[in-house]
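Here is the structure we will look at, set down as structure tokens.
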Amino acid sequence: MKNIFNILTFFLFIFSLSSCSEDLVDKVQVATLKGIVIKKGTNQPIKNVKVFTTPSTETVFTKDDGSFIIENIPLGDYSVRAELTGYLTSFQGVSFKNNEQTVSVVFEMSDDDSLNSSPSVPVLLSPVDNAVDQPLAVDLTWDCNDADSLDVLKYKVVVKNDFDANVIEIKDLTDKHYYLENLKFGVTYYWQVSVSDGINPEVNSPVFRFKTSTTPNNRFHYVKKMNGSYYIVSSDEANVNFQFTPFDKNSWRPRLNQNSQLIAFLRTVGGNAQIFTANTDGSNPFQVTAVPVAGFDNAEIDYAWSKNGKEFLYANFTKLYRINKDGSGLQLVYTTPDGSFISECDWSYDGSKIALKTNDANGYNVKIYIIDLVGNTVKTVLENVPGAAGGLNFSVDGSKLLYTYDISGHQEANYRQLDTHMFIYNLVTDENIDLSVLSEKPDGSNDLDPRFSPNDADVIFVNTSNDGISAKKITKVILQDNSRTDLFPDAEMPDWE
């Protein structure tokens, strides 16, 4: 019986030892942590990042590809930490629950902005502070630097003025200059540059000022063409000029009136040609007409100021109207008796005579004649001839009339002219002078749109090849010796007042 007891005791001891061994094995179960560290926003791997856990296990550093591995981590909950100078420390929580479990993590580390320097204060270079007589387009330039060479600097330019409440703000510039255009004459502009590196607060420059030149007393105005639309240029005889109307407004036939100090012109509005006025610097454009200016071709129609600058004469197909410059007082002056279109008109300086050019819907069957203010025909200058004509302009004293006529008599659907000459018709003597012959017009060219100079000593006009596609130029003839001088290249529809 005693032996049986001893045997049972031995087996109980052996079983107890076996149970303790199993508990010991359970306590050493381990897992593995794998991961990669990348830069936030770019996903570029970051090497040499220190990675360790809390509670502490093993400290490792990421490889060139940003990867790391920590093995033999006892099961449990841990905080994993990634550290590298220049980056914000990153944390992640992980939990290991099963023996030989592998957990994968990704750390996205952000730049430590506290270590980044702000850009320097922008130094404004040009125009210098308090500069005067500046053109209507200036290149604003400045300088700036940043100690952190990898930073991308972006600039903001703010421009204000003492003329109106308009504020110009240009953002996200990377160049250290900005070409500022379409300024106004005689206005003081204030400008400031701000810079940002995308990390630190914006840095502002001082505020500089400059003043544009006063409005020049330009007596020449002409038209240029861009992308199928006209725009008007104001110029002196040396071709020092500025753009009078914007590119995106189809504007043509400029006419300066010295008494009103306004420049009139035609502009397309809703497909119709309307008379506008503006100040001599191009500001305050005002639509005068509601009933449009109309004839057989918008490019060929013309209108006239009264000498005192208070009224306009203009045509709408068969009807001739007068209207005040403020758009009031529209009156019918004349209607063509044969239903022909009035394409051009001019008003004598004394206001007693009106020159008209009429034609059919194709621009032909032309007639140039003079009427009084009640519609009576007082002189016929040209009629019953084939070909194109136009370019009406009275001399200062009203005794002469400039006009053009294609002496070839050519007619075709696209209104091409082959040999258009300028003529000066004397209303007193009925003498007709061919100015193109006297001034030796080049063969194969046309003289178009003539205008007397303000003192009647010269004539300004357009000369161009008769091929219909070559560039046009504005030329002057001195009447004393009939010599020609080219004034403005690539230009048409001149005005000289």
Side-chain angles (χ1 to χ4, degrees), residues 219 221-223 230 232 234 244-245 249-270 272-280 282-336 341-358 368-375 390-396 398 401-402 449 451-452 454 493-497:
R219 305 184 74 174
H221 296 84
Y222 55 83
V223 166
Y230 292 113
I232 297 171
S234 175
F244 179 77
T245 58
K249 303 288 188 181
N250 187 36
S251 307
W252 71 104
R253 292 284 175 209
R255 295 286 180 255
L256 169 65
N257 184 277
Q258 296 284 12
N259 288 320
S260 68
Q261 278 300 290
L262 293 173
I263 297 174
F265 53 93
L266 298 179
R267 174 171 287 176
T268 303
V269 179
N272 294 316
Q274 305 285 2
I275 296 176
F276 277 72
T277 60
N279 295 332
T280 54
S283 63
N284 298 324
F286 172 75
Q287 182 176 332
V288 176
T289 54
V291 177
V293 185
F296 86 100
D297 188 324
N298 277 354
E300 302 294 333
I301 56 180
D302 206 349
Y303 61 98
W305 276 103
S306 63
K307 184 180 184 301
N308 61 16
K310 295 181 178 180
E311 295 178 277
F312 291 101
L313 275 178
Y314 77 97
N316 179 276
F317 296 111
T318 63
K319 301 182 184 303
L320 183 70
Y321 292 99
R322 66 191 297 176
I323 190 171
N324 296 327
K325 68 180 180 182
D326 64 0
S328 65
L330 181 67
Q331 297 179 42
L332 178 65
V333 175
Y334 177 75
T335 302
T336 57
F341 295 167
I342 303 171
S343 293
E344 298 183 33
C345 63
D346 196 33
W347 206 344
S348 65
Y349 275 43
D350 64 5
S352 66
K353 297 186 289 291
I354 299 170
L356 299 177
K357 188 210 90 171
T358 62
I368 296 176
Y369 57 108
I370 313 295
I371 63 172
D372 59 22
L373 293 186
V374 294
L392 307 185
N393 187 223
F394 278 113
S395 61
V396 174
L401 181 72
L402 260 177
D449 291 332
R451 305 285 292 179
F452 280 113
M493 302 185 190
D495 181 60
W496 186 4
E497 296 295 337

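Residues: numbered from 1 along the sequence shown.
Phe312 contributes atom CZ, which lies 5.5 Å from atom CD1 of Ile275 (distance to the nearest 0.5 angstrom). Of the inter-residue distances, the one linking Met493 atom CE with Phe265 atom CZ reads 14.0 Å to the nearest 0.5 angstrom.
Scanning for side-chain contact (heavy atoms from CB on, under 4.5 Å) contacts around Ser283 gives Asn279, Asp281, with sequence neighbours left out. A search for side-chain hydrogen bond (donor to acceptor under 3.5 Å, both in side chains) contacts involving Thr280 returns nothing, not counting sequence neighbours. For Leu373, the side-chain contact (heavy atoms from CB on, under 4.5 Å) partners at least two apart in sequence or on another chain are Trp347, Ile354. Shown here are the side-chain hydrogen bond (donor to acceptor under 3.5 Å, both in side chains) partners of Thr277, two or more places apart in sequence or in another chain: there are none. Considering only residues two or more places apart in sequence or on other chains, Asn393 meets the side-chain contact (heavy atoms from CB on, under 4.5 Å) condition with Asp346, Leu402, Arg451, Phe452. Not counting sequence neighbours, Tyr303 has no partner by the side-chain hydrogen bond (donor to acceptor under 3.5 Å, both in side chains) test. Annotation: side-chain hydrogen bond (donor to acceptor under 3.5 Å, both in side chains) contacts of Asn324 (sequence neighbours excluded): Ser328. The ring-ring contact (aromatic ring centres under 6.0 Å, His included) search around Tyr334 returns none, not counting sequence neighbours. By the side-chain contact (heavy atoms from CB on, under 4.5 Å) test, Thr318 is found to be paired with Thr335, Thr336, Phe341, residues two or more places apart in sequence or in another chain being considered.
Residue pairs meeting the side-chain hydrogen bond (donor to acceptor under 3.5 Å, both in side chains) criterion with at least one member in residues 285-301, sequence neighbours excluded: Gln274-Thr289. For residues 302-315, the pairs satisfying salt bridge (Lys or Arg N to Asp or Glu O under 4.0 Å) are Arg255-Asp302, Glu311-Arg322, with sequence neighbours left out.
Taking the side chain as every heavy atom from C-beta outward, Tyr314 and Ile323 approach each other to under 4.5 Å. Between Phe394 and Lys353, some side-chain heavy-atom pair lies under the 4.5 Å cut-off.
Annotation: cation-pi pair Arg267/Phe276 present, NZ/CZ under 6.0 Å from the ring centroid and within 45° of its normal.
With hydrogens and angles disregarded, no donor-acceptor distance shorter than 3.5 Å links the side chain of Asn257 to the backbone of Ala264.
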Derivation of the side chain to side chain contact (heavy atoms under 4.5 Å, CB included) call for Leu332 and Leu320
CA-CA 6 Å; Leu332 178 65; Leu320 183 70; 5.8 Å; no

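Ring pair His221/Phe244 is perpendicular by interplanar angle, where above 60° counts as perpendicular and below 30° as parallel.
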